[in-house]
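Below you'll find the structure, written out as structure tokens, and then a few comments.
Keep in mind the model is a prediction, meaning the values are calculated, not measured. Just so we're on the same page: letters track the sequence lines, and every chain starts at 1.
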Protein chains: 2
Amino acid sequence: MVDVAALAGVSVKTVSRVVNNAPYVQPEVAQRVLAAVAELGFRRNHLASSLRSGQATATIGLLIEEIANPFYATIAGAVAEVASEHDTMLLIASSEENPAREQQLLRDLCARQVDGLLVVPAGDDHAFLRSEVERGTPAVFLDRPAGGLPADTVLLDNRGGARAGVRQLVELGHRRVGILLDSTAIYTMRERLAGARDALAAAGLADDRLIRYGIRDPETAARVVGELLDEPEPPSAFFALNNRISLGAVEELHRRGSAAALLGFDDFDLSRLLPYPFTVVAYDTRTLARTAAELLFRRIQGDRSAPRDLLIPTVLVDRGLPRR
Amino acid sequence: MVDVAALAGVSVKTVSRVVNNAPYVQPEVAQRVLAAVAELGFRRNHLASSLRSGQATATIGLLIEEIANPFYATIAGAVAEVASEHDTMLLIASSEENPAREQQLLRDLCARQVDGLLVVPAGDDHAFLRSEVERGTPAVFLDRPAGGLPADTVLLDNRGGARAGVRQLVELGHRRVGILLDSTAIYTMRERLAGARDALAAAGLADDRLIRYGIRDPETAARVVGELLDEPEPPSAFFALNNRISLGAVEELHRRGSAAALLGFDDFDLSRLLPYPFTVVAYDTRTLARTAAELLFRRIQGDRSAPRDLLIPTVLVDRGLPRR
DNA sequence: CGAGGATCTGACAACGTTGTCAGCCCGGGA
DNA sequence: TCCCGGGCTGACAACGTTGTCAGATCCTCG
């Protein structure tokens with residue numbers, strides 16, 4: 001900038017004014033400055049600029065589990081879209097479900113002076129963020145709640161969706177519903193399981209012996225479905241609590257030519273092309289992410305109202321559920 | 001930092017030394033400083049730090065078409081992984097295939113003083129990056145070549161993969177191969193088409209009347225496959241130049257109970273579960289991205305050798321191709 | 001004709017940090 | 001005894017930019 005000023009024969013302040021389109025610069029002086037900028041290939045240092053002005057860095061931080069996962073990729077895409085509408089860049093970090101790493105990354109994002117944080121929590125204690133939030137870096141949590149910190153949160157209606165889906169199974173006459181899930185250490189799993197139990201209990205059908213935990217991949221899901229079907233009183237319906245599990249269940253049911261009803265939480269691409277029909281509790285991931293991002297930008301723009309908890313509704317997409 | 005220094009009764013420089021683990025600080029002084037840091041919740045301003053030291057910002061920029069797209073999400077994931085290995089954060093921007101937007105985003109990334117750029121080009125002229133690169137911001141292009149700029153490039157072997165796949169069709173006795181693609185304005189489409197033509201020409205089977213352009217979505221692909229099959233001399237095999245097109249082709253061939261051979265470029269999740277078998281020219285997107293990212297970090301670390309062009313091989317994944 | 005405002009410009013300090021350098025203290029060798 | 005070097009500390013300037021303020025010029029209006 002000093003060089004540009006020298007070449008144009010003006011002060012650095014005038015160069016600053018020109019590159020920021022500030023008023024009160026004679027058109028011909030501005031011309032000279034712009035010529036010098038072009039000649040020297042000058043580009044404003046955004047870091048120094050936001051350091052001095054103390055203003056926004058026009059950057060927000062997004063912390064997710066893993067970028068390559070389609071669910072998080074969709075979130076990142078929707079957030080990027082909203083960010084772009086606010087001329088803001090996106091700093092993305094993957095916690096890999098590791099709370100220690102999550103904490104370190106969030107601190108790092110704050111050290112980089114992001115204007116706000118969008119977090120899919122991995123850990124369950126975010127008290128360490130309190131000082132940052134108080135110092136003016138707003139944070140919005142999505143898909144899972146924050147721990148130990150009053151903060152804006154945008155969640156899916158996991159419980160309501162699971163309840164509605166299982167109620168449908170019950171109404172179709174199913175009495176024994178196998179429930180397949182990963183781990184109750186995961187918030188979404190707990191909620192979905194609770195919803196399923198709500199619906200079963202309401203019909204007097206609760207039976208914890210039909211719940212299978214610890215299913216992490218499609219292969220395990222397929223094996224567990226097989227085991228349940230081989231029992232003396234097999235379930236006539238299955239509820240898979242996420243799409244990895246649904247996938248394995250589809251494979252096994254199809255392989256056996258079973259007539260069991262299959263309900264899944266999470267829709268996914270191509271599910272309608274799969275060889276076994278199943279109904280899903282679906283939701284719009286983009287709405288989840290956009291809602292959170294828009295809330296964050298309202299905070300960044302100065303909204304200081306009390307933290308909000310928003311719930312994104314789910315939809316039961318019926319692709320055919322056989323009666324009992 | 002001034003406050004911390006005051007509270008600990010030392011100079012700011014000593015605080016700086018402590019937070020940077022610099023040598024020559026008495027352990028008890030360091031203790032006092034750390035206590036003050038904790039009490040005030042001090043966090044180093046990474047922006048100011050890299051402004052003053054002129055050193056790296058520990059941030060790289062990644063420019064892709066669209067984060068939500070699984071191909072780019074996989075790239076982003078692999079790049080994030082490599083970045084994390086180098087304690088570097090990732091600034092991601094989506095060009096949305098718009099060259100003007102691409103240019104603006106790349107400039108913006110440079111203004112943010114990223115240590116390096118990883119670019120999936122949207123436009124075909126990147127001469128505007130020359131001054132940045134000369135000033136020391138290395139750039140590596142991936143999946144598509146840069147235009148008007150000598151730069152490191154990491155590409156898939158589109159042409160070789162397509163050639164190998166189509167050669168396989170020819171060897172199985174197919175004489176009429178329908179070729180389905182989007183637009184030759186896209187580099188990868190041009191290369192794949194060239195590879196297919198190579199293989200057909202080598203067998204004396206080139207016939208441009210079997211090439212169909214402008215297919216942007218599965219629905220169009222399905223329609224075009226139907227049209228080709230309804231012709232008096234229908235193809236006995238199809239080559240879909242990307243996975244969106246493969247998907248539509250699968251649907252139509254399955255619907256008609258056709259026995260045509262289907263070859264696709266790009267593998268995708270679940271392809272093995274689809275109702276119609278097809279063979280794909282596959283590649284490892286993660287290798288593509290990791291290779292590019294690792295090259296970028298070598299540049300960042302000072303490698304000044306001549307720009308390199310790397311080719312990532314493809315693999316023919318045979319899931320069954322009927323003979324003619 | 002002078003006051004007051006609008007327009008234009010630049011000197012200077014400051015944002016939060018770190019590189020440079022000078023200075024202090026202390027122990028050990030000549 | 002003096003000198004030297006290593007350990008430790010702080011004052012100051014600087015990174016590239018912009019906020020503040022003051023000064024200069026010109027126009028308008030009473």
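Residues passing the side chain to side chain contact (heavy atoms under 4.5 Å, CB included) test with Ser84(A), sequence neighbours excluded: Arg101(B). Partners of Gln301(B) by side chain to side chain donor-acceptor pair (under 3.5 Å), not counting sequence neighbours: none found. For the side chain to side chain contact (heavy atoms under 4.5 Å, CB included) test, residues two or more places apart in sequence or in another chain that qualify with Ala68(B) are Glu66(B). Residues meeting the side chain to side chain contact (heavy atoms under 4.5 Å, CB included) test with Leu310(A), sequence neighbours left out: Val154(A), Thr291(A), Leu295(A), Arg308(A). Applying the ring-ring contact (aromatic ring centres under 6.0 Å, His included) rule to Tyr72(A) yields no partners; only residues at least two apart in sequence or on another chain are considered. Not a single ring-ring contact (aromatic ring centres under 6.0 Å, His included) links Phe42(B) to another residue, sequence neighbours left out. Residues that satisfy the side chain to side chain contact (heavy atoms under 4.5 Å, CB included) test with Leu7(B), not counting sequence neighbours, are Ala36(B), Glu39(B), Leu40(B). Evaluation of the ring-ring contact (aromatic ring centres under 6.0 Å, His included) rule for Phe297(B) yields His86(B) as partners, not counting sequence neighbours.
Residue pairs meeting the side chain to side chain donor-acceptor pair (under 3.5 Å) criterion with at least one partner in residues 104-125 of chain A, sequence neighbours excluded, are Thr57(A)-Asp115(A), Asp108(A)-Arg112(A), Arg112(A)-Thr59(B).
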Are there any protein N/O atoms within less than 3.5 Å of an N/O atom in nucleotides 18-21 of chain D, and if so, which ones and at what distance?
{"unit_1": "dT18(D)", "atom_1": "OP1", "unit_2": "Asn20(A)", "atom_2": "OD1", "d": "3.3"}
{"unit_1": "dT18(D)", "atom_1": "OP1", "unit_2": "Asn20(A)", "atom_2": "ND2", "d": "2.9"}
{"unit_1": "dT18(D)", "atom_1": "OP1", "unit_2": "Arg44(A)", "atom_2": "NE", "d": "2.9"}
{"unit_1": "dT18(D)", "atom_1": "OP2", "unit_2": "Ser16(A)", "atom_2": "OG", "d": "2.6"}
{"unit_1": "dT18(D)", "atom_1": "OP2", "unit_2": "Asn20(A)", "atom_2": "ND2", "d": "3.2"}
{"unit_1": "dT18(D)", "atom_1": "O2", "unit_2": "Arg52(A)", "atom_2": "NH1", "d": "3.0"}
{"unit_1": "dG19(D)", "atom_1": "O4'", "unit_2": "Arg52(A)", "atom_2": "NH2", "d": "3.3"}
{"unit_1": "dG19(D)", "atom_1": "N7", "unit_2": "Lys13(A)", "atom_2": "NZ", "d": "2.7"}

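Taking atom CG on Leu51(B) and atom C1' on dT17(D), their separation rounds to 8 Å, with Å as the unit. Regarding Asp3(B), its CG atom lies at a distance of 14 Å from the C1' atom of dT17(C), rounded to whole Å. Taking atom CG of Leu47(A) as the reference point, atom P of dT17(D) lies 10 Å away to the nearest angstrom. Atom pair Glu28(B):CD and dG7(D):P shows a separation of 17 Å (rounding to whole Å applied). In this entry the distance linking CZ of Arg135(A) with P of dG16(C) reads 11 Å, nearest Å.
Residue-level contact check: Val25(B) touches the backbone only, with heavy atoms under 4.0 Å from sugar-phosphate atoms and none from bases. Note on Val10(B): only backbone sugar-phosphate atoms sit closer than 4.0 angstrom, heavy atoms only; bases stay farther off.
The pair Glu65(B)-Arg144(B) meets the salt-bridge criterion, with a side-chain N (NZ, NE, NH1 or NH2) lying under 4.0 Å from an Asp/Glu carboxylate O. At a threshold of 4.0 Å, the pair Glu97(B)-Arg216(B) does not count as salt-bridged, since none of the basic side-chain nitrogens sits closer than that to a carboxylate oxygen.
A rotation axis mapping the C1' atoms of four pairs onto the next four is fitted at both ends of the helix from dC1(C)-dG30(D) to dA30(C)-dT1(D) over five pairs, and the angle between these axes is 60° to 10 degrees.
Phosphate contact (OP1/OP2 of dT7(C), side-chain N/O of Gln26(A), threshold under 4.0 Å): absent. Under 4.0 angstrom from either OP1 or OP2 of dC8(D) there lies no side-chain N or O belonging to Tyr24(B). Applying the 4.0 Å criterion to OP1 and OP2 of dT9(D), one finds that Thr14(B) has every side-chain N and O outside that range.
Within residues 29-41 of chain B, no residue places a heavy atom under 4.0 Å from DNA chain C.
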